[in-house]
Amino acid sequence: MTSLQDLHDPTKTCISLVARDHSDLQQDNAEYPDYTPFSSRDIPGGYDLRLKAYREAWKTCCDRIQSIVRALNAPLVSTVVSHIRNAYSKDSSLPNLPYPELPVVALSAPGGHATILSDVIDILHESGQDRAGGTSKGKERAQDATLIDSMNNSRAIVTHLHPSECPNLLGLMKALVCGFVEEQDASGQNGDEGITAPAATKRKATASLANYDIRLLVAWYTALLELRDPGPQLVVVLHDFERFNVAALQDMFYICSQHISRLPLVFLLELSSPANPSYLHTAFSRSTLALLRISTVAAPSGVEVVREIVQKTFFDVGFEPDVMLGPATLDFLIDYSTRHSASVDGVLNIIQLAFLKHFDEPFSLFVHDTYLGTRSKKDACGKLQRPESFNFLDSLLTRIWHDCENLPGGILKPEIDWRNPSVSDVLDLVFSAHTESKQRAQRMKLGFQVMLLVQDFMRSEGYKSTSSGKDEDRLEFLTGVVRGRVSKDVRYLGMAVKKLTAKELDNLISILYQFFQSLKPHLRRDEEPARVRIVAANMQLPREALDEEEPDEQTEFPKIHPAVPPIAADIGEWLVEYLESRIVRLDQGLLWDVWNTGMTPFPSELLNPAPGQSIVNALLHPYDFVESQQVLTSSGGLASDEEINGESKKPQRRLINVFDWYESFSLALEMQRRHLRKQTRRTQRKRTASASPRKGKGKARKPAADTEDEEEDFDSKEEEEKWKVEVQARFIRALHELDFMGFIKHTNRKADHVIKTTYDIPD
Amino acid sequence: MEGYETLISQFSNLLTYFSPPFVYVHDASNIRQSALVIQTVLQDLKEKPQTTLTTAFVDGIACFTPRLLYDTALNELASWTPLWNEGCNNWAGPSEYSGQRFDDSLDSFLHGLRALAASRHSEKIQPNGHSDKSKAKARATEDVETETRMLLVVQHAERLRENMPDLVVPLTRLAELAQVDITTIFISDLRWDQMKPPLGASPDPYYIEVQPLSKQAMLDQLSSLYPQEPPTHTSKIFDPDTYHPDLRPLYVHFLSTLYSICSPFTTDPDELAYIAAAHWPGFVQPLLDERQSVIAEGYDPPSFTPTEDARIRLTRLFTPTFTAALEALYPRLTSASAWAQANRPPKDILSYAPLQAPSVAARMPDDIKGPGLLESLSRMAKFILLAAFLASTNPAKSDMRMFGRGPDERKKRRRGGSRRVGAKNSAVKIAQRLLGPLAFPLDRLIAILGVLLEENDAETRPPAPEYTLPGEYTEMEISRVAIYAQVMELASMHLVHRTSPPDRLELSPTFRCGISYEVALSLARGLGITLNDLMWEPA
């Protein structure tokens, strides 16, 4: 209390310290309009154009990923829906149970479940007209015949409960009851299509049932039943189930189970923990579990989903991403998903960040076309010929020249006049490089697909599919493909194919034949030689060899027809040759890195930063930190108070005496002040009226320092006193800031000592 | 109602002849059953012409606020059903009480009771005409002179003590306070002396202790659940003849086998009935198959009653699955219908020669198989769990010796070992992993994680040439956001339990490990770590 009283005492000195951080923030915004790391060689308006290109590229990619995820989850969605629809149906329930159970569907999706839930709710919401039309999304997804049958039941009413609005049982019951009663009132009044709800009646709050009373819901449902029989199911979706209060939930389940005969409630739990170990079984008591009939549905999750997404987005012949992921990004993606968390959201974030970073590069304007944001090539030429675009054009030419010189074997010898190249020629060159890059990527994907097919075939026949024998590293196999480092595996596959029996060979050939047959027409045309080769091999394979292969009774190995090994060897050799010609590195060719993120390091600090360590490092090495963050702050070589405090607590002691610390702090500050004073005198002597070079953090202190300096001449003693108080105030503030950030801790052992909680790495 | 005869007779006598104001029924084994019995008894009593009873059943869990309790009690005592179309109004009392609330305090509740008694007296009660209350009305008209007795039954009464502690005493003294003829009956699985309000504030109740069911009573009760009529609807999971009346004798035998196998673990009749409901369709299936094949061959359908030989064969075949059913169904690892679906016996198992019949192994339904714990967790989560296990089992003092990796590491560790030997001689100390996990602060977890990662994970990381000092890379890795997020995720999955309140920000949060030694061991094996080397008291 005394300190509070001191605050009101007008005789005490009051030091006002400006909240520096706040002012810094505002200044940063003003001084720091755009992030343009390559502005020296950018085209005018390049930033916006690239952002537009990025949006387009990302949208295509994101849509693809979403459709993959949706396809992955489709069976799950129909399972969940059928569980909900059949919750009270008699043909899936057991007779003679001691008491009815409350149906609960636990949807466990550790990698994110937004689309699953929304799909489920879409289907549940569908009205009879939609079903008859058969064109809705839900109908497509619900292929199951039984499901469509069960859809002929009445539509369900869905309500959603979120943990934030249900901190206790009262909130939970209120949300549950009002969710049905009031929501349906509202939709009924709006003339919403769908369920006929009983008309809202005016309830007198004091004379009627409480709005958290389940009997209110019973009364409402009874009225609903008079309107339509059989009544709809009442589906309760509990979002973020783990964050609900467990005790309140148990009571809610008990209350609801008392009314099963009158309320067909179905609970859908959205769990983010894996199905095993089950959260429900660890958190809930047995008596609660005994009231429920839990059907657990586990969404595909983990590394498998990540592999599926990456493979189908970047390694699928049927889809051409605008930008291909390079080895560095892919490495990070794989490392992050195996090490930290493998979720769809994580993959999306990583790919999006990689795309964003990729579009920093000025040349990424060429990702989609060569028009540079104009409508035609002519306009683009005009734009490039303008003087502002010179730097861009110059760097482009340098790059093309450099690429052409360094290409192995002179793959690309463009027929243009290098002494006096026209802009149009350059754009043509970029265009052909784009086509070339697309073809290259397409061929790589084709090779990859064939290799995957053969590997899968080998695995299904019970052979090893890779030279290392580890099948589970298939995600890492992708980086090998991108780097073009799979020749070992390719040769292994070729060797394995050579040893196949006639029957297996026949199967393999037909699988390959089907694959090439299913390609798009233009690809099929390109792969004509491969198809011919496969058909020829199929013809060569003697039919009688297929029948003769009975396992030898003595050796238990199948007898091999003499005509088969040469054909197998032939196919094996062809396969090796084919795969090696197809799976090549993508980081070759003219301007390859426009369409490939290449070896650009992934900005992992954005996704997975280490804030604590960064602050400690900043405090320990303030000058280095400030230097590296020059854009953000330019305090003119003056360290902030926390930095000084951080520096001065360097001595490796466990307990720090606060007074000693204060002494060293004030010493450091004194040095700083003298430095400032010297600088001011120098500027005064020069009589330059220009603005101070110091901005940012220094600014807050500088006026004070200046005035001090002037006043010092005539009132130095009073000033000295004031300065001391200010130092003290600043020290206390810095101390508390460090305390808030958790770098020091108070101890009860010694009142004037604090404990240091972080120790720097010895330098 | 088998096995509850004492309770029934005691109760009906009590309420017919002499009614104490407060009755306490204690049933430690199955409170649901006793409540059901009491409900039936009261219903029977109501039917009798010479008594006039009105009853209200309230539940200590469902009525979690006083208002809910008052509303439910008054509506039920007045046989009033709130209707949606009439605005869900509560029972409003006779006209002289119009505008008065009966549910905003105990006082108004007492007023409500008095109003109810008065209205009963002056036959003002008008059931709102939609239920079959005409009989009650007629009776009310007949017995104008007889006092109507009210009964308030509170199930799960022990929960009142937590939710509404102020209400326990008034409820036990309701007759005295309201000055009406009302009896309060508490049903609870807690003994009265454990929930008795202090200072003798409540009168001593008429105490009824419900004894657990005897074996025979339990079997009788279970077999009484056998449906009189076979279920009419067809079902995908069981044969329509599963509950044929002729199979009843076999069901009784089945129940006695079930009881003899399961009774050491549970004697709850509900649980036994649940297991029986899940197991019976599979158990009887071979018989039905056999009958079907006989019919298919063109013979007359044989009777359902199996021969003694077939019964013994069935029992012998299925004996191992009883335990499996108990293990899966008692902790509700799966539901009865899922279990019944997953455990259909092989077709025509009775047609095999006795020794060649395929064994009937119990299977778990598909939805709970799923990927194991080891597969679903990420690599870092496994390391964190392991670090949490070590932090929970090793004493904090031993960390320096166990994990300190300085130049004098060997000396320190050996000292640790020698001390352990000394401790063994002096007194038998129980290992911490048998005593349960200790709580540890987050900082300690992260520090141990750092050691584990430095020694076991450093090679698998992507190269980072910017870290030059030994240990700097690990230091950076363990302070990353993803690690903290992972700890919180594990806490939300209850694999690590948070022991400090989540809203306390000023100190490092504390946790407790949630996995067993066996799980930790298999995690460690998967990561290539020798767990016993890192434990202060190895197994």
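Letters go in sequence order (proteins before strands), and every chain restarts at 1.
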Exercise for the section: Output yes when a side-chain donor or acceptor of Q258(A) lies under 3.5 Å from a complementary backbone atom of A62(B), and no otherwise. Expected result: no

Exercise for the section: Determine, using ring centers only, whether F64(B) and Y212(A) are less than 6.0 Å apart. Expected result: yes

How close do [X] and [Y] get, heavy atom to heavy atom, and via which atoms?
X       : Y       : answer
D270(B) : P98(A)  : O-CG, 3.4 Å
S208(A) : G87(B)  : CB-O, 3.4 Å
I255(A) : I61(B)  : CD1-O, 3.9 Å
H281(A) : P331(B) : CD2-O, 3.5 Å
N608(A) : R480(B) : O-NH1, 2.7 Å

Could you check if a side-chain atom of [X] sits within less than 4.5 angstrom of a side-chain atom of [Y], using non-hydrogen atoms only?
X       : Y       : result
N85(B)  : E226(A) : yes
N96(A)  : W280(B) : no
F332(A) : P462(B) : no
L83(B)  : T222(A) : no

With respect to chain A, which residue among [options] yields the maximal number of heavy-atom pairs within a distance under 4.5 Å?
options                            : value
S378(B), S492(B), A277(B)          : S378(B)
Q486(B), M380(B), Q100(B)          : M380(B)
P227(B), S337(B), S479(B)          : S479(B)
R461(B), E489(B), E477(B)          : R461(B)
H494(B), R332(B), M476(B), E271(B) : R332(B)

Residue part contacting chain B, namely of [X], when any heavy atom lies under 4.5 Å:
X       : answer
M173(A) : side chain
I214(A) : neither
E101(A) : side chain
D335(A) : side chain

Given a strict heavy-atom distance threshold of 4.5 Å, which part of [X] is in contact with chain A: side chain, backbone, both, or neither?
X       : result
T460(B) : both
A340(B) : side chain
D104(B) : neither

Exercise for the section: Please report the C-alpha distance between H340(A) and I483(B) in whole Å, then the side-chain angles of each, then the deciding distance to 0.1 Å, and finally whether the side-chain contact (heavy atoms from CB on, under 4.5 Å) criterion is met. Expected result: CA-CA 8 Å; H340(A) 293 294; I483(B) 301 279; 4.3 Å; yes

Handout entry: Steps toward salt bridge (charged side-chain N to carboxylate O under 4.0 Å, His left out) verdict (R67(B), D213(A))
Key = CA-CA 10 Å; R67(B) 183 179 167 186; D213(A) 193 343; over 6 Å; no

Practice task
Start with the C-alpha gap between T296(A) and T334(B), add the side-chain angles, then the distance that decides, and say whether side-chain contact (heavy atoms from CB on, under 4.5 Å) holds.
Solution key: CA-CA 9 Å; T296(A) 310; T334(B) 178; over 6 Å; no

Exercise for the section: Answer yes or no for R286(A) and Y330(B): cation-pi contact, defined as NZ/CZ to six-membered ring centre under 6.0 Å and angle to ring axis within 45°. Expected result: yes

Handout entry: D457(B) and R339(A) ion-paired at < 4.0 Å
Key = yes

